[in-house]
Number of protein chains: 2
Amino acid sequence: MRGLPVAPKNKATITDVARAAGVSTATAGRVLGGYGHTSEDKKEQVLKAAQSLGYRPNALARSLITGKTRTLGVVAGDIQSPFYASVLRGISNVAEANGFGLLITNSDEAQSKEVRSVELLAQKQVDGLIVTPSDTRKARHLHNLRAMGVPLVLIDRAVAGLMVDRVATDNIAAAEHAVRHLIAAGHRRIGIVAELVDEDGGGLAAFLDRAIAGDPIETETLYPSWQRLLGYVRAHRIEGLSVDPRLTLRAGSYSAQAAQAVVPSLMTAAEAPTALFTTDGTMSEGAMRALNELQISIPGDVSIICFDDLDWMSFHRPGITTISQPRLAMGEAAARMLLERIRGEEYPPRTVLMPAELIERGSVARL
Amino acid sequence: MRGLPVAPKNKATITDVARAAGVSTATAGRVLGGYGHTSEDKKEQVLKAAQSLGYRPNALARSLITGKTRTLGVVAGDIQSPFYASVLRGISNVAEANGFGLLITNSDEAQSKEVRSVELLAQKQVDGLIVTPSDTRKARHLHNLRAMGVPLVLIDRAVAGLMVDRVATDNIAAAEHAVRHLIAAGHRRIGIVAELVDEDGGGLAAFLDRAIAGDPIETETLYPSWQRLLGYVRAHRIEGLSVDPRLTLRAGSYSAQAAQAVVPSLMTAAEAPTALFTTDGTMSEGAMRALNELQISIPGDVSIICFDDLDWMSFHRPGITTISQPRLAMGEAAARMLLERIRGEEYPPRTVLMPAELIERGSVARL
DNA sequence: CTGAAAGCGCTTACAG
DNA sequence: CTGAAAGCGCTTACAG
């Protein structure tokens with residue numbers, strides 16, 4: 001029991017309003033809650049009483065009965081990164097337009113944190129969830145959600161065997177496009193820097209072997225960075241170029257530091273690449289830091305194509321050629337699909353692949 | 001009534017668990033809710049029953065009784081901007097560490113949206129609110145909150161007469177520092193580009209007159225961009241320089257576009273400045289875009305000091321000298337203060353001014 | 001330690 | 001159209 005220094009919060013309830021208006025709680029509830037029918041004069045009395053009491057509905061009580069909270073839960077990797085920040089804004093735009101609140105958590109791409117987030121959101125009874133799954137293979141918590149009938153939409157990644165709506169970028173095509181653009185400009189030794197965490201099927205070397213051989217690869221549940229690597233390999237195959245595994249750089253984690261750490265040895269090697277493809281915004285920033293420290297100039301010493309169109313890329317000198325994915329629209333699409341499911345609309349699980357666009361600026365030299 | 005294609009969500013309640021375990025709901029509630037005392041064997045029975053039924057507590061029901069939701073509400077300007085994205089991550093860090101959820105909304109710096117956000121969050125019964133107020137003069141909705149005893153912490157801005165905890169940057173000192181740094185480097189004509197929306201007391205000209213004359217100015221509830229302008233003027237006064245109002249650029253809104261639009265006329269004027277001070281991350285990006293399009297080189301043609309240390313500033317060529325404010329730490333501090341209030345700790349309203357730091361890189365030339 | 005009962009603030013059949 | 005009553009899924013005194 002703590003004494004509040006300011007006014008006691010005398011929250012008025014529907015009972016208080018009903019008493020003040022001289023009607024039943026049912027009638028007060030009907031006008032305040034906007035359901036059922038009420039005569040004009042009662043309506044007026046109730047509204048006046050509510051007004052003077054400063055009545056504010058308690059969404060908790062309503063939700064407990066209706067089973068709906070009008071709240072969406074989101075599990076993002078890191079709301080601080082430009083990718084998630086934009087996606088979240090997209091989600092927020094449509095949530096807000098529909099009167100939904102947004103409960104947001106970070107997973108830091110760790111499934112243990114993701115599981116905790118989902119549990120928290122589920123206990124808070126969100127009407128649906130948007131998640132960027134940390135693990136594309138196993139995700140019992142997400143399958144459980146599905147089994148409980150909780151609407152779920154995935155962004156950026158799929159989960160093996162989880163049949164739910166999903167929005168992502170066509171990463172393979174986008175990467176293939178970027179790398180073919182470099183090849184067309186005359187580049188033959190092209191480095192790629194990607195996260196490539198969570199390898200499966202024997203790691204990077206084995207994956208490259210299969211990709212280079214053109215073996216069938218289950219691409220749906222591949223991580224985006226692996227998909228982009230696959231696009232890189234395919235571009236080489238199409239153009240009749242061989243892939244040098246020494247040019248495939250794995251950062252190993254999702255951070256600019258990791259990318260920055262891995263670039264120097266490649267760029268100072270005997271057979272350094274003439275061009276670099278960095279597979280997302282964070283990898284791009286790490287690579288740019290490394291190139292800057294090495295005093296390697298763009299595109300004089302090395303050409304570069306990045307992924308994600310970040311603000312600085314347009315005013316950097318030279319302008320950075322990049323693959324732009326519509327982050328905001330991805331968030332909006334995901335939220336819209338989720339709301340449809342919440343409304344009870346039924347379709348087979350949908351996969352929306354958003355178009356990624358090559359934006360040419362000045363970071364690619366013709367050889 | 002819609003048919004679910006998958007398993008019916010047979011959500012188990014505490015009643016179901018109690019029945020399965022052969023105890024009362026009170027006992028089941030005690031072990032599941034972690035309150036009161038229970039014998040070891042009953043505890044075991046209940047836990048086993050809960051496990052096999054896949055019981056998940058309904059936080060709504062608990063909150064309705066306890067009056068606590070363990071949820072924080074946040075009204076940010078735009079979660080997509082680097083400033084808010086970082087602040088939010090800071091808030092999220094401490095919320096999560098304390099088992100709190102986060103309900104996040106955008107105001108787009110418009111009070112009408114802010115009012116709606118606050119109302120939504122209040123109805124959802126958040127335990128406390130962190131807001132970046134859009135209007136520093138009038139904010140009835142925030143005063144109401146305070147009067148209702150809802151814990152409230154302000155970030156970045158104060159509200160006139162609203163005595164609540166607050167965390168911000170010492171904007172005047174930071175701007176003064178930046179501008180004196182330019183003056184020390186020999187610059188005499190220094191342009192400033194700032195938002196400067198919501199003028200009061202007669203607009204920009206009148207404000208400048210008062211600032212230049214050294215008239216007392218109520219600085220607490222000044223908008224950050226006005227505070228930074230004041231620091232700019234003070235630096236001139238201290239260094240014995242006069243202020244040329246033609247060098248004070250008002251973008252008029254919080255967007256890179258607005259900043260970009262306003263720079264060219266200044267830079268192409270007869271008496272163009274030799275240096276620019278951009279007063280936040282967004283203004284900085286807009287100014288950089290404009291300079292890039294005008295082919296004005298840094299620091300050869302013009303020197304620049306920005307505000308907020310954005311990722312690209314370190315690898316841009318030249319490196320960008322900037323005032324860095326600890327955005328993440330600001331969010332963390334705000335959340336920590338809010339949690340203290342929620343716990344019932346009582347202090348007089350606290351204002352935490354975070355230190356801003358000048359990071360010297362290569363964008364300032366010595367004249 | 002345990003259970004029966006009341007109640008949080010609403011909405012929802014059910015009568016009238 | 002209106003009200004008395006029951007109930008959403010929990011927690012909290014209150015007895016035993």
Side-chain angles (χ1 to χ4, degrees), chain A residues 1 9-47 49-50 53-71 119-120 122-127 148, chain B residues 1 9-47 49-50 53-71 120 122-127 148 150:
Chain A
M1 180 137 181
K9 39 182 148 184
N10 58 339
K11 301 204 191 186
T13 71
I14 228 170
T15 312
D16 300 324
V17 175
R19 190 180 315 123
V23 300
S24 69
T25 61
T27 295
R30 280 190 266 260
V31 5
L32 265 12
Y35 50 86
H37 297 271
T38 328
S39 65
E40 277 310 317
D41 34 328
K42 298 246 175 201
K43 193 173 288 185
E44 206 173 304
Q45 296 168 55
V46 171
L47 255 17
L53 288 174
Y55 171 77
R56 170 146 53 204
N58 183 331
L60 257 33
R62 170 182 301 201
S63 293
L64 188 56
I65 298 173
T66 62
K68 277 106 179 51
T69 52
R70 290 191 86 77
T71 304
E119 182 60 29
L120 177 83
Q123 291 191 5
K124 290 191 187 297
Q125 312 297 123
V126 294
D127 291 338
M148 303 275 292
Chain B
M1 179 139 182
K9 39 182 149 185
N10 57 340
K11 301 206 192 185
T13 71
I14 228 170
T15 312
D16 300 324
V17 174
R19 190 181 314 123
V23 300
S24 69
T25 61
T27 296
R30 280 190 265 260
V31 5
L32 265 12
Y35 50 85
H37 297 271
T38 327
S39 64
E40 277 310 316
D41 34 327
K42 298 246 175 201
K43 192 173 289 185
E44 207 173 304
Q45 297 169 54
V46 171
L47 255 16
L53 289 174
Y55 171 77
R56 169 145 54 204
N58 183 330
L60 256 34
R62 171 182 302 201
S63 294
L64 187 56
I65 298 173
T66 62
K68 275 107 181 50
T69 52
R70 290 192 85 77
T71 303
L120 177 84
Q123 292 191 6
K124 290 191 187 296
Q125 310 297 123
V126 295
D127 291 338
M148 303 275 291
V150 180

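Only heavy atoms go into these numbers, but all of them, side chains included; no hydrogens, no water, no symmetry mates. Here the structure is a predicted model, which means the values were calculated and not measured.
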Whole-Å distance separating the NZ atom of Lys43(A) from the C1' atom of dT2(D):
14 Å

Dot-bracket for DNA chain D: what is it, with Watson-Crick or G-U pairs under 3.5 Å, [ ] where a pair crosses earlier ones, and | for a pair to another strand?
|||.||||||||.|||

Could you tell me whether the side chain of [Y] reaches within less than 4.5 Å of the side chain of [X], counting heavy atoms only?
| X | Y | result |
| --- | --- | --- |
| Asn58(A) | Gln125(B) | yes |
| Asp127(A) | Thr71(A) | no |
| Met148(A) | Lys11(B) | yes |
| Val23(B) | Thr38(B) | no |
| Tyr55(A) | Ile14(A) | yes |

Answer yes or no: does a side-chain N or O of Thr27(B) lie under 4.0 Å from OP1 or OP2 of dG3(C)?
yes

Please encode protein proximity along nucleotides 8-16 of chain D as a string of B, S and -, counting only heavy-atom distances under 4.0 Å.
BBBBBB---

Show, in sequence, the C-alpha distance, side-chain angles and deciding distance for Arg56(A) and Gln123(B), and conclude whether the side-chain contact (heavy atoms from CB on, under 4.5 Å) test is met.
CA-CA 7 Å; Arg56(A) 170 146 53 204; Gln123(B) 292 191 6; 3.8 Å; yes

Quick one about Thr69(B) and Lys124(B) (side-chain donor to acceptor, distance below 3.5 Å, no hydrogens or angles considered), yes or no?
no

Lys68(B) side chain to Ser63(B) side chain, donor-acceptor N/O pair below 3.5 angstrom:
no

